[in-house]
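For reference, the structure discussed in these notes is given below.
Residues: numbered from 1 along the sequence shown.
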Amino acid sequence: MTLKWLAVVVAVVSATSCVTGNVVVGVIDGGQLPLVVNVFALTVAGTAVVLAVVAELHDRLNDRVSALTEFLVARLNEIEAHTGDRNTGFVEGYLLSHGQEAAVVPFGRRGRGAAER
């Protein structure tokens, strides 16, 4: 049982026991339960309701983060599939057009500029 439903059950049992106790004591003795018992039961019920709401919000937030993560992973995979290394294609094309002995040599340093002449 999840935390949310456990908190709901605790709240319902606490509120029901408070009401039932007050009704039984009121019918039998014509009075009510001591204030401490009523405050304790209502405090437990209120705390359980707040805990149930927080647990529900946590579940919703977790679901949204999971959906966002799945969307981002799918989008990044799609971008990766459409994006290729253009230099790799250029080098492979160069090697295919010049035969197996062709060597790919990186560009050397450029000649001296006009300022150094």
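- The heavy-atom pair separating A15 from A45 by the smallest distance is N-CB, 4.3 Å.
- Under a 4.5 Å side-chain heavy-atom criterion applied to ILVMFWY residues, the cluster that includes V10 comprises F40, V44 as well.
- Remark: side-chain polar atoms of S14 are not paired, donor with acceptor, to backbone N or O of A11 under 3.5 angstrom.
- In summary, of the residues considered (N22, V23, T16), a side chain to side chain contact (heavy atoms under 4.5 Å, CB included) with V19 occurs for V23 alone.
- Remark: the backbone N or O of V73 is paired with a side-chain donor or acceptor of N77 at under 3.5 angstrom.
- Taking CG from L61 and CD from E56, the interatomic distance works out to 11.5 Å, rounded to the nearest 0.5 Å.
- Within the model, atoms CG of L33 and CG of N38 stand 5.5 Å from one another, a figure rounded to the nearest 0.5 Å.
- Applying the under-4.5 Å side-chain rule to Ile, Leu, Val, Met, Phe, Trp and Tyr, the cluster around V39 extends to L35.
- Here L68 contributes atom CG and D63 contributes atom CG; the two are 12.5 Å apart, rounded to the nearest 0.5 Å.
- Within the 3.5 Å criterion, the main-chain N or O of H58 finds no donor-acceptor partner in the side chain of N62.
- Evaluation of the side-chain hydrogen bond (donor to acceptor under 3.5 Å, both in side chains) rule for E70 yields no partner, not counting sequence neighbours.
- We find the CG-CG distance between L51 and L6 to be 8.0 Å, quoted to the nearest 0.5 Å.
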